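Structure first, then comments.
This one's a predicted model, so the numbers in the text were calculated from it and none came from an experiment. Counting starts at 1 for both ligands and their atoms, following the listed order.
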Amino acid sequence: MNLAAVVLAAGIGKRMKSRVPKVLHPVLGRPMLSYVIDAVRGISPRKIVVVLGRGRDDVKESLGQVGVLFAEQKVQLGTGHAAGSARNALAGFKGNILILNGDFPLITSKSLNNLVKKHIDGSADVSFLTADIADPSGYGRVLRNVKGGVEKIIEDKDASPVEKKITEINSGTYCVKSGFLWEALKGVGSGNRQKEYYLTDIIEIARKKSRKILGVKSRDGSEALGVNDRAQLSEVEALLRKRINDSLMRAGVSMVDPGTTFVSPDAKIGADTLIYPNTYIYGNTVIGAGSSLGPGVWVQDSVLGKGVTVRLSSYISNCKIGDNVTVGPFAHIRPEAEIMDGAKIGNFVEIKKSRIGSGSKVPHLSYIGDAVIGKDVNIGAGTITCNYDGFRKHETVIEDDVFIGSDTMLVAPIKVGRGATTGAGSTITKDVPEGALAIGRAKQTVIENWSRKPREGKGKK
Ligand code: UD1
Ligand code: CA
């Protein structure tokens, strides 16, 4: 199949009232545009051209995807002009060109495939995806003749009151024969309410030239929903969330309240995992079977094993957690932390770029940064790895079976040997050999009969 795709993403996105380009606004933690590109990738076109304008460097950076070509639309003169901006990138290409808006993240590869298939099977010159939706306001309407053939697309702003009543809308997804596309675009003018070059005009041009047009109605109207403002963004996100959560629940994941459970389409969650409300599972996160998360937990781009418990108000990002680990409540597990099987991270604990060996415990109020901690270590409450001297970060090494007393300051670089102990309240500045006890605190002094007695005539009022 000789197919290329053009994604229109150069629009200003005025209605978003944002400094961020519209197509970068996130839906479940991922830019809106990336969903459209994924759907396109799913049907394997020869080339994908993304037309960018405002904020193009930010868009390119955020996509960071290989195999996508970029074209620039310097001034945003409308969707017809935007499609024309992809012409150089497709020089020499002959076949069908799929053109889509970058602002409708619910579109699926299945629908795109269906459109392309109908277009080819029907030997059409131009086909486009339509949908019947309850509230068509804002969309271009599909005008059909008495026989059901498509006559034209009329934009909301240009539609008469009668035309505005039409509920069949244009989703902004077209499959066009390349020869006809470039020829038709030459005929698109800007004589409309918005003074823009409308891509939608190619339909009327096709009709006037007696070319074959197919308006393919999608079964699931939600796929056609575009995002022009933030209210629509939240509606689309809610629909996507439902789509993802329903499929997870059918695969054996329990959600106490799917309405307040936010899972990225890239996340994988094992069966018998229970998710409490207000929990976010974003990015490429993997969670093993039989785990429990929440309420109020955020997990981003992390891999969690089986039987993991993450309790109330914990935040986990870019780290690796083994099987049967417990985290929280109120824990902060920062990038490059690795918590091995059976370890326990308790309340008010922050772990950064550290490995915590299997069976080790950091149960209360600690900061562990740039540390390598062995197996079966106990870190007492209030322990801090003093990893930063104001200039550089230094490493703390704690070997297997160490017992760190409560409120120990470990001034890095430092090493505590296997089986060693530190006394509570110690500031440890020198390495501790295997099996030793290190105490680094002022000796207690006791001064007898120190209590202040009220002196006569003073202290009393
Ligand atoms: C467009 C369609 C409308 C359809 C709707 C579906 C036109 C004229 N109208 O309207 O029929 O019902 O989508 O959601 O096409 N863009 C550019 N350069 C531009 C202008 C827009 O790249 O100069 C891009 C935008 O980034 C966006 C897409 O094209 O991704 C659609 O533009 P938008 O302004 O949102 O069009 P709508 O008014 O929604
Ligand atoms: Ca739009």
Side-chain angles (χ1 to χ4, degrees), residues 5-16 18 20-25 31-37 39-40 49-56 58-59 70-86 89 99-107 126 128-133 135-143 150 152-159 163-164 166-174 176 184-185 188-205 215 217-218 221-233 235-236:
V6 175
V7 181
L8 308 181
I12 298 165
K14 258 184 264 159
R15 292 162 280 186
M16 294 297 279
S18 178
V20 177
K22 175 169 76 176
V23 292
L24 285 192
H25 278 259
M32 192 185 319
L33 178 60
S34 70
Y35 289 88
V36 178
I37 291 178
V40 173
V49 181
V50 181
V51 180
L52 299 178
R54 179 180 165 231
R56 63 179 190 283
D58 292 342
V59 179
F70 293 102
E72 196 183 339
Q73 185 194 22
K74 289 209 175 75
V75 271
Q76 281 64 59
L77 301 176
T79 48
H81 180 259
S85 309
I99 308 173
L100 344 63
N101 290 349
D103 65 355
F104 70 138
L106 296 179
I107 188 68
V126 50
F128 65 108
L129 210 57
T130 77
D132 258 320
I133 60 174
D135 176 14
S137 56
Y139 291 93
R141 312 295 207 287
V142 181
L143 265 62
V150 175
K152 64 188 276 194
I153 297 170
I154 180 102
E155 287 307 292
D156 187 74
K157 290 208 170 89
D158 304 301
E163 289 164 339
K164 281 194 176 168
I166 299 172
T167 55
E168 187 183 5
I169 59 118
N170 164 35
S171 76
T173 314
Y174 320 79
V176 199
L185 283 178
V188 171
S190 58
N192 50 55
R193 267 278 174 78
Q194 305 191 80
K195 306 270 175 289
E196 282 183 5
Y197 295 88
Y198 290 164
L199 178 56
T200 46
D201 284 358
I202 65 170
I203 304 298
E204 196 179 6
I205 293 172
K217 207 181 271 187
S218 81
S222 73
E223 286 195 25
L225 296 179
V227 173
N228 292 326
D229 59 33
R230 296 185 200 231
Q232 289 171 324
L233 178 66
E235 280 166 34
V236 158

Protein contact to [atom] [nearest heavy atom, distance to 0.1 Å]:
{"atom": "atom 37 (P) of ligand 1", "answer": "Arg15 NH2, 4.0 Å"}
{"atom": "atom 1 (C) of ligand 1", "answer": "Asn101 ND2, 3.9 Å"}
{"atom": "atom 15 (O) of ligand 1", "answer": "Thr79 OG1, 2.7 Å"}
{"atom": "atom 16 (N) of ligand 1", "answer": "Gly11 N, 3.5 Å"}
{"atom": "atom 22 (O) of ligand 1", "answer": "Ala10 N, 2.8 Å"}

Among [options], which one puts a heavy atom closest to [atom]?
{"atom": "atom 19 (C) of ligand 1", "options": "Gln73, Met32, Arg141, Arg54", "answer": "Gln73"}
{"atom": "atom 23 (O) of ligand 1", "options": "Ser171, Gly78, Gly102", "answer": "Gly78"}
{"atom": "atom 24 (C) of ligand 1", "options": "Leu8, Thr200, Asp158", "answer": "Leu8"}
{"atom": "atom 6 (C) of ligand 1", "options": "Val227, Asn170, Ile202", "answer": "Asn170"}
{"atom": "atom 3 (C) of ligand 1", "options": "Glu155, Glu196, Gln194, Lys22", "answer": "Glu155"}

What do you reckon, does [X] have a nitrogen or oxygen under 3.5 Å from a nitrogen or oxygen of ligand 1?
{"X": "Gly140", "answer": "yes"}
{"X": "Val23", "answer": "no"}
{"X": "Gly226", "answer": "no"}

Shortest-distance N/O/S atom, Asp103 versus the Ca ion (ligand 2):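 Minimum-distance N/O/S atom of Asp103 relative to the Ca ion (ligand 2) is OD2.
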
Does one side chain, of Tyr197 or Asp201, offer a donor that lies under 3.5 Å from an acceptor on the other? no

Distance in Å, [X] [atom1] paired with [Y] [atom2], rounded so as to fall on 0.5 Å steps:
{"X": "Gln73", "Y": "Gln76", "atom1": "CD", "atom2": "CD", "value": "5.0 Å"}
{"X": "Asp103", "Y": "Leu225", "atom1": "CG", "atom2": "CG", "value": "11.0 Å"}
{"X": "Arg15", "Y": "Gln232", "atom1": "CZ", "atom2": "CD", "value": "7.5 Å"}
{"X": "Asn192", "Y": "Ile154", "atom1": "CG", "atom2": "CD1", "value": "9.0 Å"}
{"X": "Lys152", "Y": "Tyr198", "atom1": "NZ", "atom2": "OH", "value": "10.5 Å"}

So among Asp135, Asp132, Ile133, Val142, which one has a side chain to side chain contact (heavy atoms under 4.5 Å, CB included) with Thr167? Asp132

Taking every non-hydrogen atom, the tightest pair across [X] and [Y]:
{"X": "Ile12", "Y": "Arg54", "result": "O-NH1, 3.0 Å"}
{"X": "Lys164", "Y": "Asp156", "result": "CE-O, 3.2 Å"}
{"X": "Ala224", "Y": "Ile169", "result": "CB-CD1, 4.1 Å"}

Derivation of the side chain to side chain donor-acceptor pair (under 3.5 Å) call for Thr130 and Glu168: CA-CA 6 Å; Thr130 77; Glu168 187 183 5; 2.6 Å; yes

Check each atom of ligand 1 against the heavy atoms of [X] and keep those under 4.0 Å away; list them by number with element.
{"X": "Asn228", "result": "35 (O), 39 (O)"}
{"X": "Ala9", "result": "22 (O), 26 (O)"}
{"X": "Ala82", "result": "17 (C), 18 (N), 22 (O)"}

Answer yes or no as to whether an N/O/S atom of Asn101 is found below 3.0 Å from the Ca ion (ligand 2).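 Given the 3.0 Å cut-off, Asn101 does not count as a ligand of the Ca ion (ligand 2).
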
Tell me, with the steps shown, if Asn228 and Lys14 meet side chain to side chain donor-acceptor pair (under 3.5 Å). CA-CA 8 Å; Asn228 292 326; Lys14 258 184 264 159; over 6 Å; no

Report yes or no: does a heavy atom of Val51 sit under 4.0 Å from some atom of ligand 1? no

